Asks: 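Have a look at this one before I ask anything.
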There are 2 protein chains.
Amino acid sequence: MGKVTLFDVAERAGVSYGTVSRALNGRWDVNAETAARVRRVADEMGYQPSHAAVALARQRTDLIGVVFPAVTAGFYAELLSAISDEALRMGKHILTVVAASDDDAREQLLSFATGRRVDSLVVMNLGLDDVFIESIARRGLPLVQLDRPTTLKGVSSLVIDNAAGMEQLVDHLVAVRRHRHVVVVGGPHGTYDAEERLDACRNALLERGIALSDEDVLPGDFTERAGAAAVASWLKAGRAMPDAWMALNDATALGVLQALKEQGIRVPEDTAVTGFDDIYTARFVGLTTVEVPLGEIGAAAVRFAVGERVQGHMRFAPRLVVRETCGRSSA
Amino acid sequence: MGKVTLFDVAERAGVSYGTVSRALNGRWDVNAETAARVRRVADEMGYQPSHAAVALARQRTDLIGVVFPAVTAGFYAELLSAISDEALRMGKHILTVVAASDDDAREQLLSFATGRRVDSLVVMNLGLDDVFIESIARRGLPLVQLDRPTTLKGVSSLVIDNAAGMEQLVDHLVAVRRHRHVVVVGGPHGTYDAEERLDACRNALLERGIALSDEDVLPGDFTERAGAAAVASWLKAGRAMPDAWMALNDATALGVLQALKEQGIRVPEDTAVTGFDDIYTARFVGLTTVEVPLGEIGAAAVRFAVGERVQGHMRFAPRLVVRETCGRSSA
DNA sequence: CTGTTAGCGCATTCAC
DNA sequence: GTGAATGCGCTAACAG
């Protein structure tokens, strides 16, 4: 119950509390014997430094702010787990904010920056523009961005190698059977991942001799609903079922699959479906997709967040996960 | 860039910084005019109080520690979202720890308690015994437990009304078609939810004239693997396919469904399957289950965590979600 | 109502 | 090596 302070330990150990501070922080200029004794006493008394006091004195909170949007909370579970893990390993903690809206996110980030609430920030998919990002980075907080590459000063970025992922998917598609006509369901306009995936997809297909016409690219927003809507609109337009549906993320693919199923269209017999991300649900619907190494990304994010090297960039390659929605290679 | 302090504001506003503190904290004993001016100046200067200093002076961190196990991280996404939301609304923040193991969790909790890292704690499914829980609650931190009821002093508990959930499930099962033989796949031994659900299930079935023999209760641990294993062992034992499989949580049900599918056993034609929780994946496999109001629970958790009323108990009723795994009522 | 004065618990110069 | 003295930025109790 009694909160043990540095002072208490000092008294009990028969030294001044300055010495205790040094001993406990493992500094070189302390008599080894004294240090050992102090350490023992502190241990016996169950001493734990007050984070608030340390933070105030040292101007450092040991807190990493992690901000992500509510809509896709499930997707970030593994990432959060990895971040928390690595943070603990480094003696830091995670202050999580699930932002209900992009505006909320901005407000929180701003408050974090000026209020010195955290030491560094990890953000993702919040629709933040460079001007804003920079304005907060300039406040001195190292910032790690997980949704797109950046060259801003003081901000690091960890991104997915979307092209590599798409190529694996297309390779698999053509390897497994002949595909002449594929349609893709896109993601939110203006977001890096959505656009890069679309481009990569288009290129990869073209290399295999499959052209993507404008009508073959359906609008989407990375949600299941958009996937289902895409199928519905396609059917309503009376167009022939394509050989494959390529969704730019798994959530969309799930929507596509569900809509297809409701229409009695069999997968993979009548058409194929691919996703991107390999979320938890994917395996239960047999979705063929590419797995994004969230664990590695999370760990790297923390390292960049706490690292002295305030700036860095990494690209993570996804890995193909073959399940049933494209059929199995007969090769 | 320049960190604005109370002192700066005071100087600029021409008052002492004690007054600024009072004005900004909206205390009654300040001249309305002065307060307004101070507030305006603070605003202009972009003043933000230093959390560390406030925490130290006020002995309060405005932080709620949320600790949950990594294994089921996905399940907590919505809960975390709700908690974060309500916390923000109350001017608090969430310090999230995804504990890799129960031992990690204990260590963190202990450190939180003695190090005054957070003001209160929300914990769930960490395999913590009462002795431990009490030892940390006694340290003065309000504790909200989300996995089982408790009568410990200083700790609140929010639990699911498992009996209500099971009854709805069983009701649905018998309403939709005749069921004579049902088998259930259990959860981790010794956990409240697992045991209460099993009891409730047994009772609910008995009331409808369906008895559960010992062989009809398969061991499990709330994972997909356990669900699949249960089916496998059942089949290996050469026993006849039951009319229904009741899994005590959704993850288990997913495993059951998958194993069944691999064996070519159709659902719901050949047998029915039920779950519990209504996780995100459930809808994509058409799982009939009960939905746990995670949003409400999360919000309530925060309220208990920050509330002056340090102790409280609530029970949340799940809601039946009918999909396909039991067939549709022909009524 | 407002200015002054102690702490809050610790890190970190300085002297000794 | 170790003790004493400052300061981190703010709250709160105290005088005026």
Side-chain angles (χ1 to χ4, degrees), chain A residues 2-39 41-42 45-63 91 111-119 140, chain B residues 2-39 41-42 45-63 91 111-119 140:
Chain A
K3 35 194 68 173
V4 188
T5 76
L6 253 195
F7 193 81
D8 300 327
V9 177
E11 190 172 56
R12 187 101 141 61
V15 292
S16 83
Y17 73 91
T19 303
V20 177
S21 173
R22 278 168 290 210
L24 261 32
N25 285 336
R27 292 177 59 143
W28 67 102
D29 55 351
V30 266
N31 183 308
E33 195 177 312
T34 311
R37 181 160 45 89
V38 167
R39 206 135 36 207
V41 172
M45 304 180 71
Y47 168 74
Q48 284 280 122
S50 153
H51 268 277
V54 174
L56 183 56
R58 196 181 275 176
Q59 298 291 68
R60 178 154 71 61
T61 66
D62 287 333
L63 236 36
S111 144
F112 280 179
T114 62
R116 288 136 289 173
R117 190 75 178 96
V118 299
D119 293 339
Chain B
K3 36 194 66 174
V4 188
T5 75
L6 253 196
F7 192 81
D8 300 327
V9 177
E11 189 171 58
R12 187 102 141 60
V15 293
S16 81
Y17 71 93
T19 303
V20 177
S21 172
R22 278 167 292 211
L24 261 33
N25 286 336
R27 293 178 56 145
W28 67 102
D29 53 353
V30 265
N31 182 308
E33 197 177 309
T34 310
R37 181 160 43 88
V38 167
R39 207 135 35 206
V41 172
M45 304 180 71
Y47 168 76
Q48 284 280 123
S50 154
H51 269 277
V54 175
L56 183 56
R58 195 182 277 177
Q59 298 289 67
R60 179 152 72 62
T61 66
D62 287 334
L63 236 36
S111 144
F112 280 0
T114 63
R116 288 136 289 173
R117 190 73 178 99
V118 300
D119 293 339

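Just so we're clear, the structure is a prediction, and the values are computed from it rather than from any experiment.
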Asks: Under 4.0 Å: is that the gap between some side-chain N or O of B:T19 and OP1 or OP2 of C:dG3?
Replies: yes

Asks: Whole-Å distance between D:dT6 P and A:R58 CZ?
Replies: 22 Å

Asks: Atom CZ of B:R22 and atom C1' of D:dC14: how far apart are they, to the nearest Å?
Replies: 10 Å

Asks: Which whole-number value in Å describes the distance from B:Y17 OH to C:dA6 P?
Replies: 11 Å

Asks: Rounded to whole Å, please give me the gap between CG in B:D29 and C1' in D:dC14.
Replies: 13 Å

Asks: Rounded to the nearest angstrom, tell me the gap between atom CD in A:Q48 and atom P in C:dC10.
Replies: 10 Å

Asks: Measure from the side-chain N and O atoms of B:R58 to the backbone N and O of B:L56, and report whether any donor-acceptor pair falls under 3.5 Å.
Replies: no

Asks: Minimum heavy-atom separation for B:A10 and B:S16, please, with both atom names.
Replies: CB-C, 3.7 Å

Asks: Are there more than 12 heavy atoms of other residues, nucleotides or ligands under 6.0 Å from atom CZ of B:R12?
Replies: no

Asks: Report the distance from atom CG of A:L24 to atom P of C:dG9, rounded to the nearest whole Å.
Replies: 16 Å

Asks: Given atom CG of A:L56 and atom P of D:dT11, what is their separation to the nearest angstrom?
Replies: 12 Å

Asks: If you compare every side-chain N and O of A:Q59 against the phosphate oxygens of C:dA11 (OP1, OP2), does one of them come in below 4.0 Å?
Replies: no

Asks: Under 4.0 Å between a side-chain N/O of B:T34 and OP1 or OP2 of C:dT2, yes or no?
Replies: yes

Asks: With a 4.0 Å limit, can you tell me whether B:R27 has a side-chain N or O closer than that to the phosphate oxygens OP1/OP2 of D:dA12?
Replies: yes

Asks: Quick check: on DNA chain C, is the nucleotide nearest B:G14 upstream (toward 5') of the one nearest B:A57, or the reverse? Name the residue that is more 5'.
Replies: B:G14

Asks: Counting any heavy atom closer than 4.0 Å, what does A:S21 reach on the DNA or RNA strands: base, sugar-phosphate only, or nothing?
Replies: base

Asks: Nearest of D:dC10, C:dC10, D:dG3 to any side-chain atom of B:Y47?
Replies: D:dC10

Asks: Closest-nucleotide mapping onto DNA chain C: is A:V54 or B:W28 further toward the 5' terminus? I mean the 5' end.
Replies: B:W28

Asks: Would you mind telling me which residue lines up with the more 5' stretch of DNA chain D, A:N31 or A:A53, judged by nearest nucleotide?
Replies: A:N31

Asks: What nucleotide among C:dG3, D:dC10, D:dG1 has an atom nearest to a side-chain atom of B:S16?
Replies: C:dG3

Asks: What is the distance, to the nearest angstrom, from the CZ atom on A:R116 to the C1' atom on D:dC10?
Replies: 11 Å

Asks: Is B:R39 atom CZ crowded by more than 12 heavy atoms from other residues, nucleotides or ligands, each under 6.0 Å away?
Replies: yes

Asks: Is it true that a side-chain atom of B:R22 and a backbone atom of B:A35 form a donor plus acceptor pair closer than 3.5 Å?
Replies: no

